[in-house]
Amino acid sequence: MDDEKSRKILSKLEKLAQQPGFLRVLADIMVSDMFYAVEEAVEVDWRSRVSNQEATLLAGYMVKKPVLDDTSLTQKQIDASVIEVRKLLDELHNLQSLKMFENLEPREFQGLSPEEIETKLKTAHSQGSSMVEPIFYGDSGAYDFQFIDTAPELYAEDETWLDANFMDLKTAGKYYWAAYNYILAKATIGQIDKDQALAPIEIMAFSKDQLIDAAKKFQPNDEDINDASATRFLELFGAKPGNDNQAFSTPGEYNVINSHPLIEVADDYYFMPINLNLAEAIYLNPFYGMITDPAYKDKVAKHRGDAVEDITHNILTGTFGDKVYKRVKVNKGNSTLTDIDVMVIVGNKAIIFQCKGKKLTELSRRGDTETLKRDFENAIQKSYDEAVTIRTTLLGDEEYKLVNEAGEEITLPNGLDDAYIVCVTADVYPAALHQASQYLIRTDDGPYCLPISLFDLATTAEYLKNPFEFLFYVKQRLDTIESLKAESEMAYLGYHLRKRLIMPQGKDKVLVTQDFGQLIDADFLHRKGRLPEPPEEHRLISDEDNPTRARIIKEVSSHPSPDITDIVMFLYGISDDDLEEIGGHMERIKQSVRTTGKTNDMSVALGERWGGLTYVCAPTYPELHKAMLALSEINKHRSKSEQWLALGTVPGEERLVSYALYSNKPWEPSESMDKLVNQHEQNGGNRKKKIVAQKVSLTKSKKEKAKKKAARKNRRKGRK
């Protein structure tokens, strides 16, 4: 925001923020914008409210001079100042949003090919000026409790340094929750009884004694809560107006409100406008203290790297159990080629997690293009390059050995045929998704990577407890990376949990709005006891919502097969409605064979992106095997599909599925297969009879769909 127009707006905001009484204006804004009715969690229009970053900017300007209160300000005057602040902030945001287009002229695109247009747009969008908006205005990237809970894990190897510098992170977390709950309780008073409502400045501030009392209220017998520890806490995270932030002028520069968010507005009286800043400061401040300590700075990188790997391993263990490996050496001959930070194995697939603790620097936040690229290289590109080397080795033909920390060799399953890349950052790396789309250097046919923070990884793992579904999510994120676009990982996760991460038929591009991320906010905070359960229309789905999928996966999984992972991935890619309808056909086919004693089958084309499915029920196993193989090959070739799944059983089995065959062999012209298809159709296996639908939508009526949704709703209620 170093351009002249932005600086003019910022200058006006700074002038407003340093007027006497602005403390009350900022408190009014925060109470208005940061508190909302719990039932509105999903529907809050955050774009119309002042964001944490904008509030931090205002507070940063305010503390450059001594904070002068003005008790004579009327509410009318406060309201007028609030309107002016909002107007200027909107102007600033709109200006940043337009920057990615400011150097593009329509005439420059005339006569260009689609590829040339795409290259020109990518060049424009990769400029630092285009990155300022997603970096500054992006979502917070983590929940407050994630910062608080993860901090002790991140610095597990640094306890000696923390003790020597009187940084007790667990006690700091206790004081955070005391301050948060104390402010929340005061804000709630006015919601219960408007006549008892406190002034915003009273809500957002507290004294040291009030902080101690609030902490003791929740933990009355905690010996760590005392005057000395509270004093130290306030010293570590308190800012003194008039002394701090003198060099601050532009977003992206160091702002004391990020690292010291408790503003001492009077002796032992503190104003906390942005609670998330305090949570993040507890997480980050020790790191900055360590790297400026000459006697300790050389240990920081190793400790931090190990901690990030340990945390990533612990997160993934909840989903993948003993199939998670960390700090694995990849050896070729007598030398170590590279190291795998963390890896999980699911059948014939692997996910490689390479971890880095690098941050976005000040110049990058201000939009310096070359610094942005350099920071991205250190935080994500290097992880990606390491992972590509690992992936190439795992999938290649040359011999190698994987050796764990204990020196034991790890044996991978035979037939490993793919490995997905995830680049994990220790901190929130602003606009990581946008930067990866512009800066990631990969070969033309090279794999994509999923950049994700520890916090988003933890949230994702919280929802995707099934190894297959987690794998499916990562696979689909990478397969649709150019066609499904969202601002945040949580928007992608919310979309997946509502609609599954699959491109709709007939669509080339889909924009996933942040509304889907708010579904995660409401549900995740409910899981953590912070919000009531979201209403039915905002509920996120789970495997249990589709008993047909759960049943088929369970039955298929009971028979070990090298293709089991591919089969389950295929089944996850079929929509709920389509799979329930397919399940109904399967039940009817099986019943008909029980009645007639004759083989019956169906084949369904699921669209060009997903291939198709064949189901066979035959009187005997030999007849079943023969029919499954023939029909799947014929229908795959006839529909020119890249993958096809055949399922089958015999009438005497209770299961819908006793056997499964899967093929993802690329389709190619074949005269012999053409003859088989023609012969099959001439023998009565005509297209209309056997392909029940070109899409599985199967001309469903609205009434049928409504019945299915009602049935799923009743199943959900039954689990409450």
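This is a predicted model, so every value here is computed, not measured.
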> Check side chain to side chain donor-acceptor pair (under 3.5 Å) between S81 and all other residues, then give those that pass, not counting sequence neighbours.
none
> Should N466 and T319 count as side-chain neighbours, where that means a heavy-atom distance under 4.5 Å?
no
> Hey, would you say the H496 and Y473 ring centroids sit under 6.0 Å apart?
yes
> What do the steps show when you test L92 against S6 for side chain to side chain contact (heavy atoms under 4.5 Å, CB included), and what is the final call?
CA-CA 6 Å; L92 187 66; S6 296; 4.1 Å; yes
> Which atom names give the shortest non-hydrogen contact between V50 and D33, and what distance separates them?
N-OD2, 2.7 Å
> Can a donor-acceptor pair be found, under 3.5 Å and without considering hydrogens, that links the side chain of E462 to the backbone of F524?
no
> Decide if atom NZ of K509 counts as having more than 12 heavy atoms of other residues, nucleotides or ligands within a radius under 6.0 Å.
yes
> Pair Y176, N275 - check side-chain hydrogen bond (donor to acceptor under 3.5 Å, both in side chains), show working.
CA-CA 8 Å; Y176 169 79; N275 66 285; 2.7 Å; yes
> Hey, does Q435 have a side-chain heavy atom less than 4.5 Å from the side chain of Y429?
yes
> Does K326 pair with D310 as a salt bridge, N-O distance under 4.0 Å?
yes
> What's the spacing between L23 CG and I201 CD1 if we round to 0.5 Å?
3.5 Å
> Can you tell me if E489 and T460 form a side-chain donor-acceptor pair at under 3.5 Å?
no
> Indicate yes or no: at least one non-hydrogen side-chain atom of L450 is less than 4.5 angstrom from one of I421.
no
> Is the Y61 to F248 ring centre distance short of 6.0 Å?
yes
> Can you name the closest pair of heavy atoms from I380 and C423 and give their distance?
O-SG, 3.9 Å
> What I want to check is whether the side chains of D375 and S364 have a donor and an acceptor closer together than 3.5 Å.
yes
> If I take atom CG from residue L501 and atom CG from residue L493, how far apart are they, to the nearest 0.5 angstrom?
9.0 Å
> Are the side chains of S140 and V428 in touch, meaning some heavy atoms are under 4.5 Å apart?
no
> Can we say E54 and R86 salt-bridge, meaning some charged N sits less than 4.0 Å from an Asp/Glu carboxylate O?
no
> Is K216 atom NZ crowded by more than 12 heavy atoms from other residues, nucleotides or ligands, each under 6.0 Å away?
yes
> Under a 3.5 Å threshold, yes or no: a donor from one side chain and an acceptor from the other, between Y254 and S259?
yes
> Among N277, T250, N245, find the residue that satisfies the side-chain hydrogen bond (donor to acceptor under 3.5 Å, both in side chains) test when tested with N255.
N245
> Quick one: are the ring centres of Y143 and F455 less than 6.0 Å apart?
no
> We want to know whether D523 and Y463 form a side-chain donor-acceptor pair, criterion being a heavy-atom distance below 3.5 angstrom.
yes
> I'd like to know if the side chain of N546 and the backbone of D576 have a donor-acceptor N/O pair within less than 3.5 Å.
yes
> Rounded to the nearest 0.5 Å, how far apart are CD1 of I481 and OG of S437?
8.5 Å
> Find the distance between NZ (K356) and CD (Q354) and round it off to the nearest 0.5 Å.
6.5 Å
> Could you please spell out the steps behind the side chain to side chain contact (heavy atoms under 4.5 Å, CB included) verdict for L372 and L360?
CA-CA 8 Å; L372 273 162; L360 197 64; 4.1 Å; yes
> Please find the pair of heavy atoms, one from A436 and one from P451, that lie closest to each other, and give the distance.
CB-CG, 3.9 Å
> Please determine whether the number of non-hydrogen atoms from other residues, nucleotides or ligands lying under 6.0 Å from atom NZ of K358 exceeds 12.
no
> Under 6.0 Å from the NZ atom of K465, do we count more than 12 heavy atoms belonging to anything else shown?
yes
> Under the side chain to side chain contact (heavy atoms under 4.5 Å, CB included) rule, what do Y283 and L154 come out as? Steps first, then yes or no, please.
CA-CA 8 Å; Y283 183 81; L154 185 66; 3.5 Å; yes
> Answer whether the closest heavy-atom distance between the side chains of P273 and I263 falls below 4.5 Å.
yes
> Can you name the closest pair of heavy atoms from R365 and G252 and give their distance?
CB-CA, 3.5 Å
> How far apart are the closest heavy atoms of P504 and V510, and which atoms are they?
CD-CG2, 3.7 Å
> I want to check a possible cation-pi pair here: R549 against Y572, using under 6.0 Å from ring centre and within 45° of the ring axis as the test.
no
> To the closest 0.5 Å, what do you measure between CG (L484) and CZ (R477)?
8.5 Å
> Relative to each other, are the rings of F320 and F470 parallel, tilted or perpendicular (30° and 60° limits)?
perpendicular
> Testing Q514, Q518, E487 one by one against D139 for a side-chain contact (heavy atoms from CB on, under 4.5 Å), which residue passes?
Q514
> If we ignore hydrogens and angles and just use 3.5 Å, is the side chain of N94 paired with the main-chain N or O of D90 as donor and acceptor?
yes
> Considering only NZ, NE, NH1 and NH2 on the basic side and carboxylate oxygens on the acidic side, decide whether R24 and D28 come within less than 4.0 Å.
no
> Side chain to side chain contact (heavy atoms under 4.5 Å, CB included), that's the test. Do E469 and R500 meet it? Break it down for me.
CA-CA 10 Å; E469 187 172 13; R500 298 209 171 268; 3.7 Å; yes
> Within a strict 4.5 Å, meaning less than it, do heavy atoms of the M503 and D479 side chains meet?
no
> Which heavy atom of G321 sits nearest a heavy atom of V324, and at what distance?
O-CG2, 3.5 Å
> Do V344 and F353 come within less than 4.5 Å of each other through their side chains, counting heavy atoms only?
yes
> Does some side-chain heavy atom of I502 sit less than 4.5 Å from a side-chain heavy atom of Q476?
yes
> Filter on side-chain hydrogen bond (donor to acceptor under 3.5 Å, both in side chains), then keep only pairs touching residues 178-187, sequence neighbours left out; what's left?
Y180-R530, Y182-Q210
> Under 6.0 Å between ring centres: does that hold for F233 and F237?
yes
> Just verifying a value: how many Å separate I189 CD1 and E202 CD, rounded to the nearest 0.5 Å?
9.5 Å
> Heavy-atom count around K323 NZ within 6.0 Å, excluding the residue itself: above 12?
no
